[in-house]
Student: 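Attaching a single structure in structure tokens format; questions to follow.
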2 protein chains.
Amino acid sequence: MDDRPYIARRPKRADGRRNYDAVLAAARKAFETSGADASLEDIASQAGVAIGTLYRHFPTRASLVEAATRDGLEKLVAHAGRLTGHPDPLEALKEWMREAVIHFSTFRGLVGILAQSMYDEGTPSHAMCAAMHRSGAELLRAAQAAGRVRPDLTPEELFDLLSGAAWVREQAASGRDGSPRFLQLVLEGIVAARD
Amino acid sequence: MDDRPYIARRPKRADGRRNYDAVLAAARKAFETSGADASLEDIASQAGVAIGTLYRHFPTRASLVEAATRDGLEKLVAHAGRLTGHPDPLEALKEWMREAVIHFSTFRGLVGILAQSMYDEGTPSHAMCAAMHRSGAELLRAAQAAGRVRPDLTPEELFDLLSGAAWVREQAASGRDGSPRFLQLVLEGIVAARD
DNA sequence: GCAACAAGTCGAGGTTGCCTCAGGTTAATG
DNA sequence: CATTAACCTGAGGCAACCTCGACTTGTTGC
């Protein structure tokens, strides 16, 4: 047992916390500019810390990515919470989806990791992904209950569409970002046919 | 000038051709199982060839990927040629899109490379991508001319949707493959509204 | 046949990034 | 202020990338 994924935790000791924070900040910056496969040694040295220290706090790349994206995804889940019970459930779903695409493509390579984590429990990001899944499914269900979205669309399919859009956004790094239009096309495609 | 991308060519000498073919075969197998970032040294040794020989024929990873996928994409373009003038242009477009998704996701990492090559001329795969772009655009135009596909859809957007589907298929490696349903949703989303 | 040469082959080695671990340091605690 | 668990460090083994100079061989023209 206990093959649970390692989830990074902010240390209790002052020096540990300092370094943990420094590494996390450096990692965010590096991921932003170099993608999820940024050099960990660069991150460590940017943080002014030896490589062993980075590995102490974040024993795997996945755990570092998870820690670096935790806040953003928590925000996304919270946003979904605020949107439940919205008077226009389709508009709520749309708004959340737009938000989700942005968070999923925070840096190059993230969508792939999240898509993986969605259905793989042995992954640091799995818990957060599962929470997002619940949030999204709830908003979808509401929009469907109101007859605004085709009833045969499953949450899994919704996340595939979302991931596709995020992936397109990722690729956009330099040049045209097709994701807004992608999402628009998808959204117009999944609304329930007017009777 | 002459910063044109290097395109691998089958050598004239017998020994060169033998090794070129062996490397290519090993590369196809390796990409299939390990994705586009398979180890080049493994490929070389699988092919029974020194690493330097691999680099002689394929000086960059991109050139090897291009050579390994050239046939498949040529077939795709040819298929489009056969489909032009099809009596049902929407059905033709659909069939080609299904085919395209499969070719784009021949191995993990390929879609990303192709999406990159689509608009970056300094890339070995650019020529082939441009050809595909023309093929797809032609089929799209025909379907639109027949009033079967929403007229505001551009070829670039079509390729974004296609790439998204292929990416979803790539991720499917082990487990559910959401791409057929993805494509179905997209297709139902882009057909022109019946009047 | 065979000389000459362009084309091809080889693999050691420099470089970078990953990750581990043994040994030294230090913040918290009572 | 002694104790100790938590923390820090960086050398080093490993794998993959890619280059380059020395060597070998297929091809061509005579």
Side-chain angles (χ1 to χ4, degrees), chain A residues 3 5-27 29-68 107-109 113 122-124, chain B residues 5-27 29-31 33-68 107-109 113 122-124:
Chain A
D3 50 354
Y6 182 87
I7 305 287
R9 260 174 48 84
R10 198 148 176 276
K12 283 186 284 270
R13 258 174 65 164
D15 56 347
R17 258 197 321 265
R18 213 173 21 239
N19 287 336
Y20 179 95
D21 291 344
V23 168
L24 211 43
K29 194 166 301 182
F31 288 154
E32 199 94 18
T33 62
S34 312
D37 52 359
S39 157
L40 298 180
E41 312 213 285
D42 276 2
I43 291 173
S45 87
Q46 275 302 316
V49 145
I51 184 66
T53 299
L54 182 151
Y55 275 99
R56 168 165 197 84
H57 296 300
F58 309 98
T60 65
R61 180 181 293 271
S63 70
L64 181 53
V65 168
E66 189 275 337
F107 48 79
R108 200 168 41 74
I113 293 169
T123 274
Chain B
Y6 180 87
I7 305 287
R9 261 174 47 85
R10 200 149 175 275
K12 281 185 285 268
R13 255 173 67 161
D15 55 345
R17 256 194 326 259
R18 214 173 21 239
N19 288 336
Y20 179 96
D21 292 342
V23 168
L24 211 43
K29 194 166 298 183
F31 289 154
T33 63
S34 311
D37 52 358
S39 157
L40 298 181
E41 312 211 288
D42 276 2
I43 290 174
S45 85
Q46 275 303 314
V49 146
I51 184 66
T53 299
L54 183 151
Y55 276 100
R56 169 164 194 86
H57 296 299
F58 308 99
T60 65
R61 180 181 293 273
S63 69
L64 181 52
V65 168
E66 189 275 337
F107 48 78
R108 200 168 42 74
I113 294 169
T123 272

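Here is how names work: the chains are called A, B, and so on, in the same order as the sequence lines, proteins then strands, and each is numbered from 1.
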Student: Assess the residue pair A/Phe58 and A/Tyr20 against the criterion (ring-ring contact (aromatic ring centres under 6.0 Å, His included)); give the C-alpha distance rounded to whole Å, side-chain angles, the decisive distance to 0.1 Å, and a yes or no.
Tutor: CA-CA 9 Å; A/Phe58 309 98; A/Tyr20 179 95; 5.0 Å; yes

Student: Side chain of B/Thr53 only, please: which of D/dC18, D/dT27, C/dC10 is the nearest?
Tutor: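 When the side chain of B/Thr53 is considered, C/dC10 is the closest of D/dC18, D/dT27, C/dC10.
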
Student: Contact class for A/Pro11 (heavy atom, under 4.0 Å): base, sugar-phosphate, or nothing?
Tutor: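 Answer is sugar-phosphate: A/Pro11 comes under 4.0 Å of backbone atoms only.
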
Student: Below 3.5 Å, does any donor atom in the side chain of A/Arg13 face an acceptor in the base of C/dA28, or the other way round?
Tutor: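 No, the side chain and the base share no sub-3.5 Å donor-acceptor pair.
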
Student: Looking at A/Ser45 and A/Asp42, would you say the former's side chain and the latter's main chain have a donor-acceptor pair under 3.5 Å?
Tutor: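 Yes, because the side chain of A/Ser45 sits within donor-acceptor range (under 3.5 Å) of the backbone of A/Asp42.
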
Student: Can you work out whether B/Lys12 or B/Gly52 has the more 5'-proximal nearest nucleotide on DNA chain C?
Tutor: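 The residue closer to the strand's 5' end, by nearest nucleotide, is B/Lys12.
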
Student: Nearest whole angstrom, please: distance from the C1' of C/dC19 to the CG of A/Leu64.
Tutor: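 One finds 14 Å between C1' of C/dC19 and CG of A/Leu64, rounded.
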
Student: Of all the nucleotides listed (D/dC17, C/dC18, C/dA6), which has the minimum atom distance to the side chain of A/Tyr55?
Tutor: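 My answer, after comparing the listed nucleotides, is C/dC18.
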
Student: Would you indicate which nucleotide in C/dG11, D/dC17, D/dT9 comes nearest to any side-chain atom of B/Ser39?
Tutor: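 In terms of side-chain proximity for B/Ser39, the closest of C/dG11, D/dC17, D/dT9 is D/dC17.
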
Student: Check the distance between C/dC19's P and A/Glu41's CD and give it to me in whole angstrom.
Tutor: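 Rounding to the nearest Å, CD of A/Glu41 and P of C/dC19 are 10 Å apart.
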
Student: Nearest whole Å is fine: how far is D/dC8 C1' from A/Phe58 CZ?
Tutor: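 In whole Å, D/dC8 C1' and A/Phe58 CZ are 15 Å from each other.
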
Student: For B/Arg18 and D/dT24, give me the distance from atom CZ to atom C1', rounded to whole Å.
Tutor: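 In whole Å, D/dT24 C1' and B/Arg18 CZ are 13 Å from each other.
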
Student: Let's see if you can work this out: which of D/dC17, C/dG8, C/dT20 has an atom nearest to the side-chain heavy atoms of B/Arg56?
Tutor: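 The closest nucleotide is C/dG8.
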
Student: Measuring from A/Arg9:CZ to A/His57:NE2, what's the distance to the nearest 0.5 Å?
Tutor: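 One gets 12.5 Å once the value is rounded to the nearest 0.5 Å.
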
Student: Nearest to the side chain of A/Asn19, heavy atoms from C-beta on, is which of D/dA16, D/dC8, C/dG8?
Tutor: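 Of D/dA16, D/dC8, C/dG8, D/dC8 is nearest to the side chain of A/Asn19.
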
Student: Between B/Arg108 (side chain) and B/Ala36 (backbone), is there a donor-acceptor pair under 3.5 Å?
Tutor: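 Checked: no pair found.
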
Student: Examine distances only and state if a side-chain atom of A/Arg61 and a backbone atom of A/Ala38 form a donor-acceptor pair shorter than 3.5 Å.
Tutor: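 Judged by distance alone, yes, a pair lies under 3.5 Å.
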
Student: B/Ile43 CD1 to D/dA16 P: how many Å, rounded?
Tutor: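 Between P of D/dA16 and CD1 of B/Ile43: 11 Å.
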
Student: Identify, between A/Val49 and B/Pro59, the residue whose nearest nucleotide on DNA chain D lies closer to the 5' end.
Tutor: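 Checking each residue's closest nucleotide, the 5'-ward one belongs to A/Val49.
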
Student: At under 4.0 Å between heavy atoms, what does A/Ala44 touch on the DNA or RNA strands: base, sugar-phosphate, or nothing?
Tutor: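 Answer is nothing: A/Ala44 stays at 4.0 Å or more from every strand.
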
Student: Kindly point out which of D/dT9, C/dC10, D/dC7 is positioned nearest to the side chain of A/Asp15?
Tutor: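 Nearest nucleotide to the side chain: D/dC7.
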
Student: Separation of B/Arg17 atom CZ from C/dA6 atom C1', in whole Å?
Tutor: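 Whole-Å distance recorded here is 16 Å.
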
Student: Can you tell me how far CD1 of A/Ile113 sits from OG1 of A/Thr123, rounded to the nearest 0.5 angstrom?
Tutor: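 Reported value, rounded in 0.5 Å steps: 9.5 Å.
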
Student: Roughly how many Å is it from CG in A/Leu40 to C1' in D/dG10, rounded to a whole number?
Tutor: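 Result: 16 Å.
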
Student: Out of D/dT27, D/dT19, D/dC17, which has the shortest distance to the side chain of B/Ile51?
Tutor: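 Out of D/dT27, D/dT19, D/dC17, the nucleotide with an atom closest to B/Ile51's side chain is D/dT19.
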
Student: Taking atom P of C/dT16 as reference, at what distance in whole Å does atom CG of B/Asp37 sit?
Tutor: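 Distance, rounded to whole Å: 21 Å.
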
Student: Closest to the A/His57 side chain: D/dC8, C/dG11, C/dT20?
Tutor: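 Nearest nucleotide to the side chain: D/dC8.
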
